[in-house]
Amino acid sequence: MAMEKELMKNLTKKPITLRYPSEKATPVEGIRAKVAWDIEKCIGCGLCPQVCPSKAIELTGKGSEAEITYYLDRCLFCGECVDICPTKTIKTTSEFELAFTSRKETTIYYKRSTISPDSTEESH
Amino acid sequence: MKPIKGTLLEKAKEIRIPRARRMFMTINKTDFWKSMKKLVDSEGFRHLSTITGIDVGSKIEIIYHLTREDLVLSLKVKTSKKNPVLPSIVKLIPGAILYEREVHDFLGVTFEGNPDLSPLLLPDEWPSGICPLRKEWSSQDIWKATEES
Amino acid sequence: MVPEEIVTLLQIFLFPGFLFLFFLAFFSEWVDRKLVAKFQNRYGPLYTGPKGILQPVADFFKLLAKEDIIPTATDKTVFSIVPILVLALSMAPLFLIPMIDFSALVWFEGDLIVIMSITTLVIIAMFMGAWASTDRFSTIGGMRVGLQMLGYEIPMTIAMIGPAISSKSLSVSGIVQSQAGGLWYAITQPLGFAIAMICLLAHLQKVPFDVPEAESEIVAGWMVEFSGKKLALLRLAKNFELVLAGSLLVSLYLGGPLGFWLPHPSFYFFLKLIVCIFIFSNLRALFARFRIDQVLMGAWKYLTPLALLQIILVVI
Amino acid sequence: MAIRIPFGPQHPALKEPINFMCEVSDEKVLSVRPRLGYIHRGIERLAEERTYNQDLYLIERICGICSFAHVTCFSQAVEEVLNIEIPPRAKYIRTILAEMERIQNHFLWLGDVGHEMGFNTLFMYSWRDREVVLRLLETISGKRVNYAMNTIGGVRRDITPTVIESLERGLDRLEERAKYYKEVCAKDPTVLGRTVGVGVLSPIDALDLCAVGPTIRASGISRDVRADDPYAAYNEIPFRVITYDGCDVASRIMVRLDEILESVSIIRYALDNLPNGDVRVRVPRRVPEGEAVSLVEAPRGENLHYVRADGTEKPVRVKVRAPTLANIPPLCKMLVGGSIADIPVVVAGIDPCIACAERVAFVDTATEKRWVWNKEELRGYAKKWYQKK
């Protein structure tokens, strides 16, 4: 009985749930989702693979030809690499829709000359 | 911090008080039962937070974390690794029933008097004899052993 | 074939008959789900058809396509008969209720008693179904179905007799016609109306009384081992029972298809049915589930004496 | 005749797999036998093979809902071994986040109990209001669940003024909603019908069986780590330990709802006098020889972490005891005597977080064969244990 008032009120109110594919929730600006490298500025110091708790980052090559392989499916989105990076080349994007159809798509390669990730980053 | 009665202190081999409301006390196995009984009955340690088991090379160290309003006491007891046996304290603190089963599961310490030491957290067909938290098995051996079973 | 028979055949199969009832059942389930969703501040079915109206139909066909498992330990014959029996029993009384004009398709003196006995038969069929599938959860669910029937059956019957006495006829169409004077029984016998609503809710096993299929205790109660086509038929039977409960309330207490000036009386029946379903979903969204002993104790201690009181009021 | 009903491991009422083998005869529960180990990940063994910094993220994933309590407990233990003092502002931020997690946990729990009782509207409403807290946590820490805010030596992000102002708005709404639910749960006849006098745990049993958290506070015993052994900024913030002496699920509901109101006032007080200064202290990678026990009041109860270090950068032993494991023996006591319909409500009453309760052994039990329930030598463990008492 106690909830009767609330039920009646809700009859007139707009539902709070969103129709996901058409209406999308706007992420909060401080959100810590997928991580992205600006490979040109990377100096290949190798700190980020060390500090990553789930070994989601692999560094190949040294110095200015270093290239990063980023395993998105292993990443915890903890942001340790963002904090540790001396030249601030790693940034957290606000892209949180990370569902992929195949495992291959989740590994992203940051090549030196042209940033041509083998797999398409977003598949939707 | 209410001082713990003098008689108990001499029995303790070593006492360490790192900071307020914390005390570590090591006791040898022979007078473990008497001091535990005294702690529960007269000192008012009715709440047992948990029992930690550590494999320290040749021996197994069991730590009873007893808490009271103003003090968290960790009582350490060492038992040999070959046949680790300790009296069960379920009669004093009934809440200890699951913790003893847990330590039995992972370190193979048998607690006499515990009504039922059946596996609590390990699966039924876990290869007997393998205690996961003992140092002599590395993670890979445990993985291989469970593969076969 | 004289057109007369064709018309009745058509009526049986098409308009107030099967097709219309199928449509009504699916529509009432849709209304119920949308209203409860609206109460709970969410959308409810959306994507199948405009505003999700075809969702019940989609669920029905999906279940038809699903695999129909008959567990080994069950009593096979009874297990496969029960869904058909429950569906037939919950659809049959609908033909006795006047929906499109003041008298039902087939009506005779005493069809109210037929309806009441069929509603009891449905429960017994459910109990047979639970007993046939020897699963633990369904035996307990079956016991609860039986217990709950013992609880609400007496007050429901008494509450239905009220209008019959004051309209001096034992046929639903007769009762509807006697309310033609504008004085619906809901107004003259409000207590009977309330008790009939609560007992019908218990008959439908809707939330405050969904003890037999309490999904957080005994998984799906007596329906736990039915799957595929059998489950589809059972869920359809539940929808028919919802329509039956709604239309019983409408015809006994709210004057059936009595309309003032609108051209077709069935529009009025439709409107009142939706009001009843609104009340059911409101109660469904409002309460937590009772325990089986609370249901019985509540039924015997409160509902039955109140129903008797109502009869006394009607008689004097 | 006694039927044996397996309640779990896969059961709609249980979010996580735990199995209670209940012996039932005509709706009355005779005995309960708990069996854990279905989602066992061996976190303690894994923790010994990782550095302290990586352990943080492992410990954080012990439980999805009370992750911050576990990480605070772990980092406090390591800080105690290192005997470093974290800056006061970090203490306040830790307190604020701990209380926000408590609010979020209690709303989630309220919805869960509502669902067990068949009261789906309460479930929908309380989870809708939980979104307010999750949104706030997202603005502060960037993530809704495992916030990764805590680190050894302090906190990783500061609370900016814009966040504070949106926090205040959110708190007013939460307070108003908590008051509304208190009124609903105290007055609604069906809710009272299902919770008053259900799952009774007498104070003596609560003490004997070492119950913790709201379960013991609902039996009239005021035991709360925040008051008994204050950590973070709890010694500077005035707050009230809430106890009810109804000893049943209804009073557990009331304890948790009052705790939401209490947490709101704690956060407000902490926001008003938030000391300034930096939020983090640099910490060496190697932890010197030593051991430490740290206690934290997680939303479900007293949470204990024991860390032993030996000078390398990997801990020798990490012992985690989550509140739910302490509440399982009292739960078995509560279930006996009730009816089948009460089992889910009582089980949900202690807010079981099975993921917390079992993270010690090594192998996940995907190979668990189906539990053949007609095993003759099933020992009535609870029955024998009660005869002994």
> Looking at the rings of B/H65 and D/Y306, which for Trp means the six-membered one, are their centres under 6.0 Å apart?
Replying inline: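 They qualify: ring centres under 6.0 Å apart.
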>> Which atoms of D/V225 are under 4.5 Å from chain B, going by heavy atoms: the side chain, the backbone, both sets, or neither?
In response: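 Neither; nothing under 4.5 Å.
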> Measuring heavy-atom distances to chain D, does B/S74 have an atom under 4.5 Å in its side chain, in its backbone, in both, or in neither?
Replying inline: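 B/S74 touches chain D through side-chain heavy atoms alone.
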>> How close do D/C73 and D/S294 get, counting heavy atoms only, and between which atoms?
In response: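 Nearest heavy atoms, D/C73 then D/S294: O-OG, 2.7 Å.
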> Under 6.0 Å between the ring centres of B/Y64 and B/F32?
Replying inline: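 Yes, the ring centres sit under 6.0 Å apart.
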> Using non-hydrogen atoms only, which part of B/I51 is less than 4.5 Å away from chain D: side chain, backbone, both, or neither?
Replying inline: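 Contact with chain D is through the backbone of B/I51 alone.
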> Does a salt bridge link D/K314 with D/E48, judged by any charged N lying under 4.0 Å from a carboxylate O?
Replying inline: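 Here D/K314 does not pair with D/E48 in a salt bridge, since their nearest N and O are not under 4.0 Å apart.
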> Given the rule in the side-chain contact (heavy atoms from CB on, under 4.5 Å) test, do B/V103 and B/D105 qualify, once you have shown the distances and angles that lead to the verdict?
Replying inline: CA-CA 5 Å; B/V103 175; B/D105 274 4; over 6 Å; no
> Checking D/L304 against chain B: side chain, backbone, both or neither under 4.5 Å from a heavy atom?
Replying inline: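 For D/L304, the contact with chain B is made by the side chain alone.
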>> Give me the atom names and distance for the closest heavy-atom approach of D/R321 to D/N303.
In response: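 So the minimum-distance heavy-atom pair works out to O-OD1, 3.2 Å.
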> With a 4.5 angstrom heavy-atom cut-off, which part of D/A292 approaches chain B: side chain, backbone, both or neither?
Replying inline: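 Answer is backbone: N, CA, C or O of D/A292 sit under 4.5 Å from chain B.
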> Checking heavy atoms, do the side chain of B/L92, its backbone, both or neither come under 4.5 Å from chain D?
Replying inline: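 Nothing of B/L92, per the 4.5 Å heavy-atom cut-off to chain D.
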> Relative to chain B, which of D/D228, D/V316, D/L207, D/V293 shows the most heavy atom pairs under 4.5 Å?
Replying inline: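 Max contact count across the listed options: D/V293.
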>> For D/E291, which atoms come within 4.5 Å of any heavy atom of chain B: side chain, backbone, both, or neither?
In response: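 Both parts, backbone and side chain.
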